[in-house]
J.: 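Mind looking over this structure? Questions follow.
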Amino acid sequence: MHLVVLTGGVGGARFLRGVRAHAHRTGAQVTAIVNTGDDLSVHGLRVCPDLDSVMYALGGAADPERGWGRAGETWTVRDELAGYGAQPDWFSLGDRDLATHLVRTTMLTAGYPLSAVTEALCRRWQPGVRVLPATDDRLETHVVVPGEAGTEAIHFQQWWVRHRGARPAQQFVFVGAESAKPAPGVSEALATADAILLAPSNPVVSIAPILAVPGLREDLTGARAPVVGVSPIIGGAPVRGMADACLAAVDVECSASGVGRMYGARGAGGLLDGWLVDAAADPDADVPGVTVRTVPLWMTDDATTARMVAAALELAQ
Ligand code: FO1
């Protein structure tokens, strides 16, 4: 059994821990296709937050409270940078985490593609799943917001971290997407999958940038495997993060039904065969053309998340 998961963000990384727990029990192979739209260059270093969240979460090295970055982190370099007044001062790289960005940047500068760099970094963390960036090409999510002279586009991290999503987003633009190609292994993974899962990640800034890579959406919709999505919205509110602000920008209702309808039914030009929603909060969720199943969706621990994954796979059958 080959499970392929499209994922991004801290929620997606937590979901993957449950997928891995399920796979250990059943002997399944797992491939994670990870969003790169959050990636940015800071202090000369290439930072890939979603790839690192997956790597650290599965490697047992993630900070449990923040969800991103390393557990037991120290911040000496950040404080020293602040001493110089270095910008950006709103995006902090921890000392332990810095080693990852240094190795990545060195390898990228030497000409290795991001997929090869990710494989090399994962050798240390042994995530137990194959971790693939959606693309090796530069693809960055930018957010169009009202500015002093009309509108301006700022990097997603500036909107998310610096402004905490408070500047009203008018549009999300996936810069570089038009000329991006799926990373090696991505199309093959989708073609050989027995089930494809959409993690409960932000649909607008985690899953949409993956699907914006030309050919990737077609690989998914043309796959022989069923596609089951897990709602990132429970009872009208995001499980984590600011999906509500992102959904408002694209005029989608912040509800389990709203996100399911945004993804749409595979038979009707959309993505989904099945949609998993929370049993207690969204018992009446409805997505035309898609089989909706209700289960407890809170990812309280890996065992609970693995049960969600088992339910998603039952639905896929
Ligand atoms: N999130 C913050 O809220 N503040 C930060 O300073 C910050 C730094 C950071 C550095 C490396 C990294 O991998 C993630 C980091 N994040 C930070 C998290 C990140 O902004 C987002 O949570 C994700 O991009 C959304 O998935």
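Along the sequence shown, residues are numbered consecutively beginning with 1. Numbering of ligands and ligand atoms starts at 1, following listing order.
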J.: Taking non-hydrogen atoms only, is Arg162 closer than 4.0 angstrom to ligand 1 via side chain, backbone, both or neither?
T.: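 Arg162 to ligand 1: no contact under 4.0 Å from either part.
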J.: Hey, is Leu93 touching ligand 1 through its side chain, its backbone, both or neither, going by heavy atoms under 4.0 Å?
T.: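 Contact part for Leu93 vs ligand 1: side chain (C-beta onward).
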J.: Can you list the ligand 1 atoms lying under 4.0 Å from a non-hydrogen atom of Trp90?
T.: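 The list of qualifying atoms is 6 (O).
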J.: Would you check if there is a donor-acceptor pair between the side chains of Thr304 and Asp301 at a distance under 3.5 Å?
T.: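 A donor-acceptor contact under 3.5 Å links the two side chains.
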J.: Any ion pair linking Arg17 and Asp302 (charged N to carboxylate O, less than 4.0 Å)?
T.: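 Here Asp302 pairs with Arg17 in a salt bridge, since their nearest N and O are under 4.0 Å apart.
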J.: Compute whether any side-chain donor of one residue and acceptor of the other, for Ser257 and Asp286, lie under 3.5 angstrom apart.
T.: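 Per modelled atom types, Ser257 and Asp286 side chains form no pair under 3.5 Å.
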J.: For ligand 1, does Trp68 get within less than 4.0 Å through its side chain, its backbone, both, or neither, judged by non-hydrogen atoms?
T.: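 It is the side chain that gets close, since no backbone atom is under 4.0 Å.
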J.: Could you check atom 25 (C) of ligand 1 against the protein and tell me its nearest heavy-atom contact, residue, atom and distance included?
T.: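 Of every protein heavy atom, Asp38 OD2, 3.2 Å lies nearest to atom 25 (C) of ligand 1.
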J.: Would you tell me which option among Val161, Asp97, Val205, Asp89 has the nearest heavy-atom contact to atom 4 (N) of ligand 1?
T.: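 Answer by nearest heavy atom: Val161.
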J.: With a 6.0 Å cut-off on ring centres, are Trp160 and Phe91 close enough?
T.: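 Centroid separation for Trp160 and Phe91: 6.0 Å or greater.
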J.: Check each atom of ligand 1 against the heavy atoms of Trp160 and keep those under 4.0 Å away; list them by number with element.
T.: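 Reading through ligand 1 atom by atom, the close ones are 20 (O), 21 (C), 22 (O), 25 (C).
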J.: Thinking salt bridges, do Asp52 and Arg104 make one under a 4.0 Å N-O criterion?
T.: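 Judged by the 4.0 Å cut-off on N to carboxylate O distance, Asp52 and Arg104 do form a salt bridge.
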J.: Would you check whether Arg240 reaches within less than 4.0 Å of ligand 1, judged by its heavy atoms?
T.: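 No heavy atom of Arg240 comes that close to ligand 1.
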J.: Which of the numbered atoms in ligand 1 are below 4.0 angstrom from a heavy atom of Gln157?
T.: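 Within the 4.0 Å cut-off of Gln157, ligand 1 contributes 19 (C), 20 (O), 24 (O).
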J.: Can a donor-acceptor pair be found between the side chains of Asp63 and Tyr56 at a distance below 3.5 Å?
T.: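 There is no such pair between these side chains.
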J.: Provide, to 0.1 Å, the distance between atom 13 (O) of ligand 1 and the closest protein heavy atom, together with that atom's residue and name.
T.: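 Here the nearest protein heavy atom works out to Pro49 CA, 3.3 Å.
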J.: Under 3.5 Å between any N/O of Asp50 and any N/O of ligand 1: does that happen in this structure?
T.: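 It does: an N or O of Asp50 is found under 3.5 Å from an N or O of ligand 1.
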J.: Numbering the atoms of ligand 1 from 1, which are under 4.0 Å from a heavy atom of Arg164?
T.: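 Matching atoms, with element in brackets: 2 (C), 3 (O).
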J.: If you take all heavy atoms of Thr31 and Ala189, which pair is closest and at what distance?
T.: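 Scanning both residues, the minimum pair turns out to be CG2-CB, 3.9 Å.
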J.: Side chain, backbone, both or neither: which part of Arg66 has a heavy atom under 4.0 Å from ligand 1?
T.: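 For Arg66, no heavy atom sits under 4.0 Å from ligand 1.
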J.: With a 4.0 Å cut-off on N to O distance, would you call Glu314 and Arg307 a salt bridge?
T.: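 A salt bridge is absent here (no side-chain N lies under 4.0 Å from a carboxylate O).
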J.: Could you check atom 8 (C) of ligand 1 against the protein and tell me its nearest heavy-atom contact, residue, atom and distance included?
T.: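 In this structure, atom 8 (C) of ligand 1 has Ser92 O, 3.2 Å as its nearest protein heavy atom.
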J.: Determine the interplanar angle of the Trp275 and Tyr263 rings, folded into 0 to 90°, and report it as parallel if under 30°, tilted if 30 to 60°, perpendicular if over 60°.
T.: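 Aromatic pair Trp275/Tyr263 classed perpendicular.
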J.: Among all protein heavy atoms in this structure, tell me which lies nearest to atom 9 (C) of ligand 1, with the distance rounded to 0.1 Å.
T.: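 Closest protein heavy atom to atom 9 (C) of ligand 1: Phe91 CZ, 3.3 Å.
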J.: Could you pull out the closest heavy-atom pair between His155 and Glu140, with the gap in Å?
T.: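 In this case the closest contact between His155 and Glu140 is CD2-OE1, 3.3 Å.
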